[in-house]
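Here is the naming used below: chain letters follow the sequence lines, and residue numbers restart at 1 for every chain. Predicted, not measured: the structure shown is a model, and the values here were computed from it. Hydrogens, waters and symmetry mates are skipped; everything else that's a heavy atom, side chains included, is used.
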Amino acid sequence: MAKNMLLFLSVITMTFSFEIKHICKQTGARYGVLHTEHGDVETPIFMPVGTLASVKYLSPEDLYAMGSGIVLANTYHLWLRPGPDVIKQAGGLHRFMNYKRPLLTDSGGFQVFSLAERRKITEEGVTFKNHLDGSKLFMSPEKSIELQNAFGADIIMSFDECPPYPCSYEYMKESVERTTRWAERGKKAHQNPKQALFGIVQGGAYEDLRKLSAEALVKIDFPGYAIGGTSVGETKETMYKMIEYSTKYLPEDKPRYLMGVGSYDAIIEGVLRGIDMFDCVLPTRIARHGALMTSTGRINIRDKKYEFDFSPLDAECNCYTCQNYSRAYLRHLYKCEEGFVKRLLSIHNINFLLNLTKEIRQAICEDRFGDFKEAFFHKYGLNVTNPRGF
RNA sequence: GGGGGGAUAGCGAAGUGGCCAAACGCAGAUGACUGUAAAUCAUUUCCCAUCGGGUUCGGCAGUUCAAAUCUGUCUCCCCCCA
C-alpha cells in the first residue's frame with residue numbers, strides 16, 4: 001500500500017530530467033539516466049520504432065523481455081489513423097498501446113522527407129497529400145505539438161524539415177532558418193509540462209549551418225536536442241561530421257538524440273561523439289526481409305547455406321530466438337512465409353542493438369569504451385560482408 | 001476401332017517461318033533497406049565465358065538462305081464417339 005502511494009506520488013511529481021552519471025575517461029563518452037514519468041532509462045540507449053503504436057510483430061512483453069526502454073511512435077501516421085480523438089479517449093498513447101515504459105513521438109518532420117513527392121512546404125507548415133486517400137492535410141508546428149500533446153508521449157519532437165542529401169547551401173540555409181522558426185512556434189504551442197519537447201538540429205553537412213541551427217535552438221532552450229537530417233543517403237564519414245558539427249554547439253548537460261541511426265558501427269561512432277539516444281527502423285525492417293545482425297557480421301537467413309544449419313543465428317546471443325530456434329528452422333519459416341518468423345527475427349535484431357547499447361554503457365562506466373570499440377570493430381572487421389557495416 | 005487436341009527452360013504458360021536462348025507467372029539463387037506509404041525493392045536462373053561463344057522448344061528424318069514455328073514419321077498424354 002505504501003509502495004503504491006509512493007509510486008502514485010512519484011507519478012504526479014516526476015517531470016523529465018537528464019543526469020550524466022559517468023564520463024568515460026578513455027573516450028569522453030557519456031553514461032546517463034533519463035528520468036521520465038514512465039520510469040528511468042539509462043543512456044546511451046537504442047529506441048525501437050513503433051510507428052503506428054506497435055513495434056511491428058512485437059508485443060510489449062517481447063520488448064520488456066529484451067530490456068527495451070523508450071519506444072517511438074509517429075505523429076503523422078497516428079494523426080491519419082486512428083486519429084487523436086481515439087488515442088485521447090483511450091487515455092493516451094501508453095494505455096492505448098499498452099506500453100508501460102517511456103514513449104517518444106516523432107513530429108512528422110521525417111515525413112516531410114520520406115513523403116516528399118506528396119507535400120508542399122510553406123512558411124506556415126506542410127501540406128501533405130495523404131497517402132491513404134489522397135486528401136489534403138495541413139501540418140504546422142502548432143498542429144504537430146497539439147497532436148503530440150494529445151498522444152501524451154514522454155518525449156515529443158519539434159516539427160522540422162528533414163532536408164534531402166545532397167542539398168544546396170542556399171536551400172539548406174532557408175530550410176534551417178524555417179525549421180528554427182518552427183521550433184520556436186512549437187515551443188510556444190506546447191501545453192503539457194510533463195512532456196519534454198526536444199529541438200532538432202539541421203544543416204546537412206554544412207558546418208556553419210549546423211552551428212547556426214544548434215545555437216538558435218539552444219537559445220530557445222529545450223530539455224534535449226536531436227540531430228536530424230542524418231541517414232538520408234550521405235556516407236558514414238559525412239554523417240560523423242554532421243554529428244561533430246552539431247554536438248559541438250550543444251550543452252553538455254542535455255541529452256543528445258541522433259535520429260534515424262541504427263547500424264551498429266554508427267551507434268558506436270555516435271556514442272564516441274557524445275550521442276545518448278538512437279532510434280532506427282533498420283533492425284525491424286531488415287529482420288522482416290531476412291537480414292540479421294550477428295556478432296560475426298550480417299547474415300541473410302534466406303541463403304541456401306543455412307538449409308542444414310542447426311546452430312542459432314548468433315552463438316553469443318541471449319535472445320529468445322537464439323535460445324530456442326535454429327537457422328535451418330528460421331530459414332524454413334522464412335521460405336514458407338510463416339508470419340512467426342517476422343517476430344522471431346525482429347526479436348533478434350532488436351535484442352542485438354539493445355544488448356549493444358547495454359555493453360556500451362558498461363564499457364563507459366568502466367572507462368574502457370575505446371577498447372570496446374576497437375575489439376568490436378576488429379571482430380566485425382574480420383567477418384563483415386557489408387562495407388557499410390550492417 | 002473411329003475422331004479430335006496436345007507435348008516449349010525446375011513447374012505453369014506465351015510464342016505458330018527470320019526481330020527467339022525464347023514473353024509472363026511461380027519456384028530457385030543473391031543483394032539492398034537507417035526519425036517505416038516497406039511481408040518492400042533490385043539483380044539473377046540452358047551451358048561455358050570478360051567481350052563473346054556453344055547447345056535447346058518430345059524423338060528421328062526432311063523442306064528452306066533461315067524452323068520452337070512448315071512436312072513426314074515415331075513415342076507419350078488428354079478428350080469425345082463406338
Side-chain angles (χ1 to χ4, degrees), chain A residues 46-57 70-78 80-81 104-119 128-134 144 148 153 155-163 165 198 200-202 225-236 239 242 257-267 269-270 275 277-293 298-307 331 333-343 345-346 349 353 385-390:
Chain A
F46 174 75
M47 308 181 286
V49 180
T51 305
L52 287 158
S54 162
V55 179
K56 294 189 192 301
Y57 295 91
I70 300 171
V71 162
L72 259 73
N74 182 280
T75 302
Y76 172 84
H77 290 287
L78 293 177
L80 267 55
R81 289 185 304 197
L104 182 155
T105 43
D106 185 30
S107 60
F110 185 69
Q111 279 60 47
V112 179
F113 166 78
S114 66
L115 302 177
E117 307 293 303
R118 346 184 30 98
R119 54 75 176 151
F128 286 98
K129 198 175 163 194
N130 175 345
H131 70 273
L132 295 173
D133 63 9
S144 176
Q148 296 188 78
I155 299 171
I156 67 177
M157 302 303 297
S158 197
F159 185 60
D160 65 333
E161 177 191 358
C162 175
Y165 182 88
F198 281 27
I200 304 175
V201 180
Q202 292 290 355
Y225 298 90
I227 295 164
T230 49
S231 282
V232 288
E234 77 283 8
T235 63
K236 287 265 166 84
M239 187 210 292
M242 290 174 171
Y257 162 26
L258 181 60
M259 306 187 81
V261 172
S263 63
Y264 39 66
D265 53 342
I267 288 177
E269 293 291 350
I275 300 296
M277 304 158 72
F278 302 84
D279 82 285
C280 200
V281 304
L282 191 70
T284 43
R285 182 181 293 168
I286 69 174
R288 273 178 275 127
H289 299 162
L292 291 314
M293 306 181 198
R298 181 170 154 158
I299 69 168
N300 195 315
I301 200 61
R302 256 195 338 254
D303 294 359
K304 194 166 176 60
K305 58 188 167 193
Y306 305 121
E307 189 176 11
R331 177 175 189 272
L333 292 186
Y334 193 90
K335 287 290 191 184
C336 298
E337 297 180 61
E338 278 294 334
F340 185 36
V341 77
K342 292 190 191 327
R343 172 165 171 250
L345 299 182
S346 296
N349 274 352
L353 291 184
T385 51
N386 185 318
R388 294 180 70 189
F390 293 159

From the set [options], return the single nucleotide nearest to any side-chain atom of [X].
| X | options | result |
| --- | --- | --- |
| A/Lys304 | B/rU30, B/rU34, B/rC33 | B/rU30 |
| A/Arg288 | B/rG35, B/rU36, B/rG31 | B/rU36 |
| A/His131 | B/rG35, B/rA37, B/rA32 | B/rA37 |
| A/Cys162 | B/rC33, B/rG35, B/rU30 | B/rG35 |

Looking at [X] and [N], is any side-chain donor or acceptor paired with a base atom of the opposite kind under 3.5 Å?
| X | N | value |
| --- | --- | --- |
| A/Thr230 | B/rU34 | no |
| A/Arg298 | B/rG31 | no |
| A/Arg285 | B/rA38 | yes |

B/rA37 and B/rC47: how far apart are their C1' atoms, nearest whole angstrom? 43 Å

Using the P atoms only, state how far B/rA13 lies from B/rU63, rounded to an integer number of Å.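 Result for the P pair: 34 Å, nearest Å.
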
Between CG of A/Leu104 and P of B/rG35 the distance, given in whole Å, is 13 Å

Whole-Å distance, A/Lys342 NZ to B/rU40 C1', equals 10 Å

With heavy-atom distances below 4.5 Å as the criterion, would you say the side chains of [X] and [Y] are in contact?
| X | Y | result |
| --- | --- | --- |
| A/Leu104 | A/Asp279 | no |
| A/Val112 | A/Phe159 | yes |
| A/Thr284 | A/Pro48 | no |

Problem - Test side-chain contact (heavy atoms from CB on, under 4.5 Å) applied to A/Cys280 - qualifying residues, sequence neighbours left out - result: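 Once residues adjacent in sequence are excluded, the partners of A/Cys280 under the side-chain contact (heavy atoms from CB on, under 4.5 Å) criterion are A/Phe46, A/Leu282, A/Pro283.
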
Are any of [X]'s side-chain N or O atoms less than 4.0 Å away from OP1 or OP2 of [N]?
| X | N | answer |
| --- | --- | --- |
| A/Thr51 | B/rU36 | yes |
| A/Arg331 | B/rA29 | yes |
| A/Gln111 | B/rG35 | no |

*May I ask which nucleotide in the shown strands pairs with B/rG1, Watson-Crick or G-U wobble, both distances under 3.5 Å?*
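Here B/rG1 is engaged in a pair, and the nucleotide opposite it is B/rC81.
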
With both distances under 3.5 Å as the test, what is the Watson-Crick or G-U wobble partner of B/rC24?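 Partner of B/rC24: B/rG12.
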
One should read off an interatomic distance between A/Ile227 CD1 and A/Met277 CE, to the nearest 0.5 angstrom, of 11.5 Å

Residues at least two apart in sequence or cross-chain that pass salt bridge (charged side-chain N to carboxylate O under 4.0 Å, His left out) with A/Arg343, listed by chain then number, are A/Asp62

RNA chain B contacts among residues 70-78 of chain A, heavy-atom distance under 4.0 Å: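 RNA chain B contact set from residues 70-78 of chain A: A/Leu72, A/Asn74, A/His77.
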
message: Is it true that A/Gln148 and A/Ser144 share a donor-acceptor pair across their side chains at a distance under 3.5 Å?
response: yes

